[in-house]
Undergrad: 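Please find one structure pasted underneath; my questions will follow.
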Amino acid sequence: GRGFAFRRKQKVERQYKRLLKRRKVHSQQDDQFTDTYPEHLKHLYLAEEEKMLKKRRRPPDDAVLSEEKLDRAVDFVLETMRCHYTVLPQGGDEKKAKIIFFSIGESVTTEGKFKKKTSNQKAKEEYEKIKAERARKKEEAEKRKQQREEAQRLYKQKKMEAYKVLCKKTKKGQPKLNLQMEFLLQKIQQNT
C-alpha cells in the first residue's frame, strides 16, 4: 500500500527537484554576469570596469573629516567629561578598580535622533525580561513550597502530641480519662 515509506520517498523526490531548480537558477545568474564582451570593444569595457572598481574603493568626500568637525568633537568631549578618578575596592585589588567620569551640566545627548534598537538588542532585552520573570516565579514557588512544608511539619507535630496524650493507658489497658479531659480543656481554652 501507500504507507509512510511511499510518502517519505515522494518528499525526498520533491526536495531533490527543488534543489536541482535552485542550482539551475544559480547557474543562470552566474552566466548572466560573465564577461562576454565583443572582441573589438573588449578593451573599452575593461577600462570602464576598472574605473568603477576604483570609485568603489575610494571613500566619498563626505567621509573625510574636516578640521572643523574634529575641533567640534574635541570640544564636545572636553565639555562633557571634566575629570575622572579611579576607585579601588576595599581589598585594594587594582584589577577590579573602576574609573568614574564626572560631567558638568546637563545629560549628554548626541545630535540628531537616538539610534533605534536592533532586532538583536530587542531580542536580548526580551530574553532578559523573560529570564527575570522566570527567576521571580521560581523564587515565589520555592517560598510557597517552604511555607507549605513548614505548615505540614507543625501540623504533624501537633497531631503527634495529641496522639501521645490520648493514647496513654493504665496498667490494665484502660484509657486515662483525666489526661483526655485536660487535653479537651486546653483545646477549648485555645479556641476562645
Side-chain angles (χ1 to χ4, degrees), residues 1-77 80-81 84 86-87 89 93-101 103 106-152:
R2 292 188 166 194
F4 69 93
F6 179 73
R7 275 184 256 131
R8 186 182 297 163
K9 180 184 167 189
Q10 283 185 327
K11 184 180 177 183
V12 170
E13 285 175 352
R14 280 194 304 269
Q15 288 175 344
Y16 180 68
K17 286 178 184 176
R18 201 176 298 147
L19 182 66
L20 287 178
K21 280 183 183 178
R22 283 185 193 155
R23 286 187 181 169
K24 191 174 182 182
V25 168
H26 286 304
S27 64
Q28 286 176 354
Q29 287 176 353
D30 292 343
D31 291 344
Q32 185 181 4
F33 297 111
T34 54
D35 301 328
T36 54
Y37 303 126
E39 215 37 61
H40 65 286
L41 298 174
K42 194 169 189 173
H43 65 282
L44 293 174
Y45 285 112
L46 291 175
E48 191 173 345
E49 189 177 327
E50 200 172 307
K51 255 191 222 178
M52 297 284 281
L53 286 173
K54 282 183 182 176
K55 275 187 181 179
R56 272 193 216 140
R57 286 189 199 131
R58 196 181 77 217
D61 295 333
D62 297 342
V64 179
L65 290 176
S66 64
E67 286 292 322
E68 291 176 354
K69 287 183 182 177
L70 287 173
D71 289 340
R72 234 184 296 150
V74 169
D75 289 341
F76 179 72
V77 169
T80 54
M81 289 187 253
H84 72 278
T86 309
V87 177
D93 189 11
E94 291 180 14
K95 292 177 184 175
K96 295 180 182 176
K98 295 179 183 176
I99 297 175
I100 297 177
F101 291 94
S103 63
E106 298 172 4
S107 62
V108 179
T109 56
T110 57
E111 293 178 13
K113 296 180 181 178
F114 290 106
K115 291 184 179 177
K116 291 184 179 179
K117 293 179 183 174
T118 63
S119 59
N120 189 25
Q121 288 172 332
K122 287 178 186 175
K124 278 184 181 178
E125 285 182 2
E126 190 68 27
Y127 171 72
E128 291 298 327
K129 284 180 187 176
I130 292 170
K131 193 175 177 183
E133 183 70 21
R134 283 181 185 163
R136 186 181 60 78
K137 283 183 180 178
K138 193 174 184 182
E139 199 171 300
E140 288 176 1
E142 190 67 32
K143 283 181 184 177
R144 284 197 302 268
K145 185 179 177 184
Q146 286 176 354
Q147 288 173 350
R148 189 168 52 246
E149 286 175 354
E150 183 68 22
Q152 285 177 347

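Everything quoted here is computed from the prediction, not taken from an experiment. Quick note: residue numbers are just sequence positions, from 1.
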Undergrad: Distance from Lys124 atom NZ to Glu128 atom CD, nearest 0.5 Å?
TA: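 Reported to 0.5 Å precision, the distance equals 9.0 Å.
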Undergrad: According to salt bridge (Lys or Arg N to Asp or Glu O under 4.0 Å), who are the partners of Lys122, at least two apart in sequence or on a separate chain?
TA: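 If we apply the salt bridge (Lys or Arg N to Asp or Glu O under 4.0 Å) test to Lys122, skipping adjacent residues, there are no hits.
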Undergrad: Return each pair, listed once, that meets salt bridge (Lys or Arg N to Asp or Glu O under 4.0 Å) where at least one residue sits in residues 3-19; pairs must be two or more places apart or across chains.
TA: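 As it turns out, there is no salt bridge (Lys or Arg N to Asp or Glu O under 4.0 Å) pair with a partner in residues 3-19 once direct neighbours are skipped.
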Undergrad: Not counting sequence neighbours, which residues clear side chain to side chain contact (heavy atoms under 4.5 Å, CB included) with Ser119? List them please.
TA: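 Expected list: none.
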Undergrad: For Glu150, which residues count as a side chain to side chain contact (heavy atoms under 4.5 Å, CB included) partner, sequence neighbours excluded?
TA: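 Testing Glu150 for side chain to side chain contact (heavy atoms under 4.5 Å, CB included), a comparison that skips the adjacent residues, returns Arg153, Leu154.
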Undergrad: Calculate, to the nearest 0.5 Å, the distance between atoms CD and CG belonging to Glu125 and Asn120 respectively.
TA: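 One finds 10.5 Å between CD of Glu125 and CG of Asn120.
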Undergrad: Out of curiosity, Gln147 CD to Arg144 CZ, how far, rounded to the nearest 0.5 Å?
TA: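 Interatomic distance, Gln147 CD to Arg144 CZ, rounded to 0.5 Å: 9.0 Å.
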Undergrad: For Leu19, what residues pass the side chain to side chain contact (heavy atoms under 4.5 Å, CB included) criterion, not counting sequence neighbours?
TA: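 Applying side chain to side chain contact (heavy atoms under 4.5 Å, CB included) to Leu19 gives Arg23.
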Undergrad: Check salt bridge (Lys or Arg N to Asp or Glu O under 4.0 Å) between Glu142 and all other residues, then give those that pass, not counting sequence neighbours.
TA: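 Checked Glu142 against salt bridge (Lys or Arg N to Asp or Glu O under 4.0 Å); zero matches.
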Undergrad: Just to verify, what does Arg136 make a salt bridge (Lys or Arg N to Asp or Glu O under 4.0 Å) with, not counting sequence neighbours?
TA: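 Arg136: salt bridge (Lys or Arg N to Asp or Glu O under 4.0 Å) contacts with Glu133, Glu140.
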Undergrad: Report the residues that fulfil side chain to side chain contact (heavy atoms under 4.5 Å, CB included) with Gln121, sequence neighbours left out, ordered by chain and then residue number.
TA: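 Applying side chain to side chain contact (heavy atoms under 4.5 Å, CB included) to Gln121 gives Lys117, Thr118.
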